[in-house]
Amino acid sequence: MKYDKLPQKDIDIVRGLAAKLMEYEATPENIERRDAWYKLDSGAGDRTMVLAEAGGVQQEVFPEAHFKCESEQGRGLERGLYRQLFNFEQLKDDHVIEPFINIPWQVDQGNYGVEAVQHVPDTDGSLGARSWDAPLKNLDEDFNLLKPREFSVNRDKTYAQKEALEKVFEGITPVRIRGKFWWTLGMTINAIDLIGLENLMLYMFDNPEGLHRLMAFLCDDHIRFAKWLEGEGLLCLDNENDYIGSGSMGYTGKLPQKDWKPGDKVRTCDMWALLESQETVGVGPEQFEEFIFPYQAEIAEHFGQIYYGCCEPVHTRIHILKRLSNLARMSVSPWADEEKMAAELGRDIVYSRKPNPSLISTGNFDEAVIRRDLRKTLDTARGCRLEIVMKDVHTLNNEPERLSRWVQIAREEIG
């Protein structure tokens with residue numbers, strides 16, 4: 001995006017939003033939330049943290065008509081700033097405001113030499129299913145089509161964006177380059193793009209050597225990308241209000257490593273990484289242990305702390321995952337056995353509970369059911385380090401106040 005040609009009206013709007021954010025950044029509420037996150041990570045506090053994501057219901061919570069900027073670039077800035085204001089003023093969960101505007105490096109990750117053909121229906125902007133034609137029809141015969149990715153960075157474009165934004169927000173807040181280049185390093189999402197979900201499962205029995213070869217290729221390439229970023233000085237710390245894992249915040253006093261000093265290149269060992277394997281929810285723990293976990297464990301060795309899991313219930317493979325020496329937080333999805341997870345995680349690993357989003361999405365917003373769900377988690381995870389994250393919400397039944405009300409109910413039940 002080009003920020004050096006914003007209309008003055010747009011500049012005035014986003015400067016006003018940023019100034020208000022900086023006022024909130026210094027409030028006792030914001031400071032307490034930041035401190036509580038650090039205590040959750042260290043084990044020094046017992047406060048249950050609460051987060052709610054509005055990303056999937058933006059059109060209901062803050063429709064496009066709400067925004068006032070004229071230019072596309074201005075509206076993009078306005079949306080990002082307003083989301084933070086919405087979190088603080090209306091949602092009132094445990095999102096934290098930091099006194100910075102962040103932009104990412106402009107990096108091209110390349111591809112594997114082949115790409116899946118996507119088939120997406122016309123849903124008029126709403127959610128829908130998709131299918132794809134996996135490019136590797138026969139794993140053994142087509143494997144030679146795979147190529148390691150080629151990476152590049154456009155430093156000039158990144159610095160130009162930073163300089164332009166510094167002029168926009170001059171006197172209000174600094175602009176810094178900070179951001180990630182991946183959501184997950186779990187690899188199975190890449191595997192099914194290449195061979196399809198059904199083949200991922202069948203090859204565990206029909207072509208185990210071929211599947212191991214594919215997973216090893218993906219593992220090596222993921223590590224190579226991370227190390228390329230490290231060598232180029234492009235990695236950024238993610239130990240503040242950075243989105244980590246599948247819905248948590250990165251606050252930790254354990255990263256970066258103790259030998260890191262400001263001005264040093266950030267290394268993979270100074271960062272969080274998310275590992276998950278939602279695509280293998282239909283396979284047994286033995287198959288997961290043989291075909292997926294060894295490659296995830298190899299990646300985990302390069303990082304400082306690991307958040308594991310997303311929507312998949314991991315209680316059937318928790319005994320395997322606990323071998324990760326740097327496992328710090330774990331997703332407890334709506335389909336997980338909460339009692340087993342609580343017993344396994346204890347105080348050692350943060351219990352990152354994800355309530356079922358249908359509780360606030362269906363026609364009847366039943367507060368009694370919501371309270372029972374929260375109480376079950378609070379009772380089951382008593383003694384654990386607990387965060388509760390309402391995420392993957394894709395509709396609020398056109399009642400946007402539901403999300404804030406869920407946060408309020410969660411606060412009441414915790415209290």
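Quick caveat: nothing in here was measured; it's all calculated off a predicted structure. Just the heavy atoms: all of them, side chains too, but no hydrogens, waters or symmetry mates, feed the values below.
Under 3.5 Å, the side chains of R329 and S248 contain a donor-acceptor pair of N or O atoms. In this model, a donor atom of one side chain and an acceptor atom of the other lie less than 3.5 Å apart for Y243 and E53. T268 and K227 share a donor-acceptor pair across their side chains, judged by distance under 3.5 Å alone. Using modelled atom types and a 3.5 Å distance limit, the side chains of T184 and E276 yield a donor-acceptor pair. When only modelled atom types and interatomic distance are considered, S352 and E387 share a side-chain donor-acceptor pair under 3.5 Å. Using modelled atom types, one finds a donor on one side chain and an acceptor on the other under 3.5 Å when comparing S277 with T188. Donor-acceptor pairing under 3.5 Å is recorded for the side chains of D10 and S71. Residues T280 and Q287 have side chains that never bring a donor and an acceptor to within less than 3.5 angstrom of each other. No side-chain donor-acceptor contact under 3.5 Å links R411 and Q408.
Using the six-membered ring where Trp is involved, F67 and F62 have ring planes that are perpendicular, over 60° apart on the 30 and 60° scheme. In this pair, H212 and Y295 present their aromatic rings tilted. The plane angle is within the 30 to 60° band. Using a 30° and 60° split on the angle between ring planes, Y24 and F88 fall in the parallel class, below 30°. Using bins of under 30°, 30° to 60° and over 60° for the plane-to-plane angle, the ring pair F293/F288 lands in the tilted bin.
Among all heavy-atom pairs drawn from M49 and L40, the shortest one is CG-CD2, 3.9 Å. Across all their heavy atoms, G196 and A134 have their closest contact at N-CB, 3.6 Å. Between A54 and V61, the closest heavy-atom pair is CB-CG2, 4.5 Å.
Using a 4.0 Å cut-off between charged side-chain N and carboxylate O, E70 and K9 make a salt bridge. Under 4.0 Å is where a charged nitrogen must lie from a carboxylate oxygen, and between K20 and E25 no such pair does. One finds a salt bridge joining D35 and K39 here, because a Lys/Arg side-chain nitrogen approaches an Asp/Glu carboxylate oxygen to under 4.0 Å. With respect to R371 and E412, a salt bridge is recorded, a charged nitrogen being found less than 4.0 Å from a carboxylate O.
Residue C269 forms a side-chain contact (heavy atoms from CB on, under 4.5 Å) with just one option from E230, E301, Q305, Q257, and that option is Q257. Test N241, L21, N30 against E98 for side-chain contact (heavy atoms from CB on, under 4.5 Å) and you get one pass: N241.
Remark: D193 pairs with no residue by the salt bridge (Lys or Arg N to Asp or Glu O under 4.0 Å) rule, at least two apart or across chains.
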**OP:** Check step by step if side chain to side chain donor-acceptor pair (under 3.5 Å) holds for N356 and S358.
**Re:** CA-CA 5 Å; N356 195 322; S358 66; 2.9 Å; yes
**OP:** Decide yes or no on side chain to side chain donor-acceptor pair (under 3.5 Å) for Y308 and S331, but give the supporting numbers first.
**Re:** CA-CA 6 Å; Y308 197 96; S331 177; over 6 Å; no
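A cation-pi arrangement, defined by a distance under 6.0 Å to the six-membered ring centre and an angle within 45 degrees of its axis, is present between R176 and F100.
The line from CH2 of W272 to CG of D242 is 11.0 Å long, rounded to the nearest 0.5 Å. Atom CD of E289 is separated from atom CD1 of I320 by 4.0 Å, given to the nearest 0.5 angstrom.
Ring to ring, F217 and Y112 are close: their centroids are under 6.0 angstrom apart. Taking the six-membered ring for Trp and the full ring otherwise, the centers of Y82 and H66 sit less than 6.0 Å from each other.
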